Amino acid sequence: MAISLEYVVKETTGNLWRNRLMSLAAVLTISVSLALAGASLLLKQGVSTATSQWKGGVQLLIFMHPTATTAQTKAVSNQLKSLPEIKSYFYMDQAKSYVEFKQLMANSPELVQSVTQSQIPPSFRVVLKNPNDAPSVGSLFQQQAGVKDVNFNRGAINTMLHVTSIVQLVIVALAIILLISASVLILNVIRVAIFSRRREVAVMKLVGATNWFIRIPFMLEGMIQGLVGALVAVVAVVGIQALFEYVVAHFQVAVLSNFLVSSHDVLMTELFVVAMGIIVGTAGSAFAVRRYLEV
Amino acid sequence: MIKVDRVNKRYKEDQYALVDCSLEIDRGEFVFVVGASGSGKSTLLRLLLREERPDSGQVWVAGKELASMPGWKVPFFRRNIGAIFQDFRLLPNKSVFDNVAFALEVIGKSKRHILTQVPQMLELVGLHDKQDRFPDELSGGEQQRVAIARAFINRPLILLADEPTGNLDPENSWSVMGLLERINRTGTTVLMATHDVGIVDSMRRRVIELDHGEIKRDQNRGVYGLGQQSS
């Protein structure tokens, strides 16, 4: 007693076509909300790569020359140990820094290939007791032998993190509200579909069609709406990412220069978007079927 | 085939649809259920289709006890029961053929099975030449015959008919009754709720009369009203 594929396809597409305007509204709401959710995820991933060097409250970066001798490195390390303003620090050797570099530049494979591990500067990551000491402590090392550069950009980084977290919160809240309205829309589309087919449903019950046989076309209808909405959102997310890369590349936004999203992150975001679309569509229709289809 | 044992059913407090109702119907019987509107005829049929559950008592149909039957088994149970109604319950946007085929389609029968069974059944009800018509192009009697074809396509053990002639003129009523009789002769138990005095009186079959939810009369070869009992 297999459910015939032909029957299910016929029923589902028939329902979708009958309620096409409502279906379109549900699909568009899902695409907008999922595009927002996806963009917000990309933003989060971008910020996290851009600020990865500053993870763990690091306020001061001391880059050594790639050619710095062990003695020179040791001298810097000893001096850091002796300074009372310093809470903690750690050393990123060339191997670790190279790994980090590859992550940061994941979207520029030609750059990654042209740079070898021996060209990467190792660095000290320093956490200060008082972040305001960063310039004064940094200047102590600026002229030291073997030191290439000192970086204490914490203020800007902080602002960026702060702003993005607020932006992200707003986007996520908006996406959640839209997702809820999308599931309500789908619920309503399915309710109308059930109502317009009540004669068929009554006859199906009478002649002994199983409950799942009656339910599946309706549930599938909601799932397809969710899926189509998600696919539109997938395209939108790729577009948003391309737009962002264009802005970063063409307007030389300095603070965002490391703001890159790897293709792996994009893929994961897209998968998330598709999964959410299917979940929202199926949940909306499942609820409608439970509520309005007494089988 | 059907056994109703001390069944009570009420929809509202103090408003009984069936009161302590017991009856037994054997395989192959043709039984009329008569009584005024609201006497419990429809409730009885709904219980037998497991569209309702009794408040107390047991309902046995085709060897199954319905009051305790879990919901997921109900569809499989209903495949052994055919049912027709006063309002035919045909699908207006499907042709005669598709209306009958629908009953097989939704229980997962193969296309081949449908293509052999449906024409046979339409032949039986005398509508094989109208299989591409739509219900609103047919007379009431023809529509009811389509409904009978749909109800009988699975060769059910029992056919329940809820006032099948209620919307039909006498001529069409008789053609439907002839069909029900033929179906009954194949061994199918037929239970028919009706208001039609003429039909009950001339068919001379078992009559069960309900009155305010109670069985008032159960006689073999009966007639509609007690007062008309002359032979």
Side-chain angles (χ1 to χ4, degrees), chain A residues 1-23 189-224 285-295, chain B residues 45-46 48-52 62 64 69-85 87-94 98-114 121 135 146-162:
Chain A
M1 216 283 300
I3 292 176
S4 109
L5 189 69
E6 192 194 337
Y7 170 84
V8 171
V9 169
K10 205 173 66 186
E11 287 296 296
T12 310
T13 50
N15 278 345
L16 280 169
W17 181 245
R18 251 189 304 279
N19 303 317
R20 52 193 176 277
L21 219 60
M22 287 272 281
S23 302
V189 173
I190 305 303
R191 191 180 70 157
V192 170
I194 290 171
F195 185 75
S196 70
R197 295 180 57 72
R198 62 197 182 285
R199 283 164 182 273
E200 276 87 349
V201 169
V203 171
M204 283 194 259
K205 286 183 204 169
L206 189 67
V207 299
T210 56
N211 294 344
W212 281 111
F213 189 90
I214 299 174
R215 285 179 188 141
I216 278 175
F218 294 115
M219 306 241 336
L220 216 56
E221 188 188 337
M223 200 190 87
I224 286 175
S285 54
F287 190 77
V289 163
R290 277 193 72 95
R291 185 88 164 64
Y292 301 107
L293 194 68
E294 302 125 35
V295 287
Chain B
L45 290 182
R46 291 173 66 81
L48 296 177
L49 263 176
R50 183 42 166 78
E51 285 181 345
E52 303 277 355
K64 306 272 192 330
M69 179 182 275
W72 67 268
K73 279 187 179 171
V74 172
F76 301 98
F77 157 73
R78 286 197 188 136
R79 291 175 193 184
N80 299 320
I81 312 288
I84 55 172
F85 302 90
D87 56 0
F88 319 131
R89 302 201 185 166
L90 298 176
L91 301 175
N93 54 349
K94 286 190 192 293
D98 289 341
N99 259 288
V100 179
F102 189 66
L104 292 174
E105 209 180 341
V106 300
I107 61 171
K109 295 287 187 197
S110 72
K111 251 210 159 91
R112 188 141 41 92
H113 182 85
I114 291 172
M121 194 50 62
V146 176
I148 291 172
R150 184 180 65 191
F152 197 56
I153 188 108
N154 285 316
R155 317 284 160 166
L157 304 164
I158 298 168
L159 188 71
L160 301 175
D162 193 357

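Just so it is clear, the structure is predicted and the values come from calculations on it, not from any experiment. These numbers come from the heavy atoms of this one structure, side chains and all, not from hydrogens, waters or symmetry mates. Chain A is the first sequence line, chain B the second, and so forth, proteins listed ahead of strands; every chain is numbered from 1.
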Measure from NZ or CZ of R89(B) to the centre of the six-membered ring of F85(B), then state whether that distance is under 6.0 Å and the direction lies within 45° of the axis.
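Because its charged atom sits under 6.0 Å from the ring centre and within 45° of the axis, R89(B) does stack over F85(B).
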side-chain contact (heavy atoms from CB on, under 4.5 Å), paired with L220(A), selected from T13(A), T12(A), L16(A):
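Per the side-chain contact (heavy atoms from CB on, under 4.5 Å) rule, the option paired with L220(A) is T12(A), out of T13(A), T12(A), L16(A).
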Does R290(A) have more than 12 heavy atoms from other residues, nucleotides or ligands lying within 6.0 Å of its CZ?
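Atom CZ in R290(A) is not crowded, with 12 or fewer foreign heavy atoms closer than 6.0 Å.
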Between chain A and each of P92(B), G82(B), G71(B), count heavy-atom pairs under 4.5 Å; write down the option with the most.
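Of P92(B), G82(B), G71(B), P92(B) has the most heavy-atom pairs under 4.5 Å with chain A.
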Shorter than 4.5 Å, heavy atoms on both sides: which option in K111(B), K94(B), R78(B) has the most such pairs with chain A?
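Sorted descending by pairs with chain A, the first entry is R78(B).
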Check whether N93(B) gets within reach of chain A through its side chain, its backbone, both or neither, counting any heavy atom under 4.5 Å.
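It is the side chain, since no backbone atom gets that close.
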In terms of heavy-atom proximity below 4.5 Å to chain A, should P156(B) be classed as side chain, backbone, both, or neither?
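Contact with chain A involves no heavy atom of P156(B) at all.
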Judged by atom type as modelled, is there a donor-acceptor pair below 3.5 Å linking the side chain of N99(B) to the main-chain atoms of L90(B)?
no
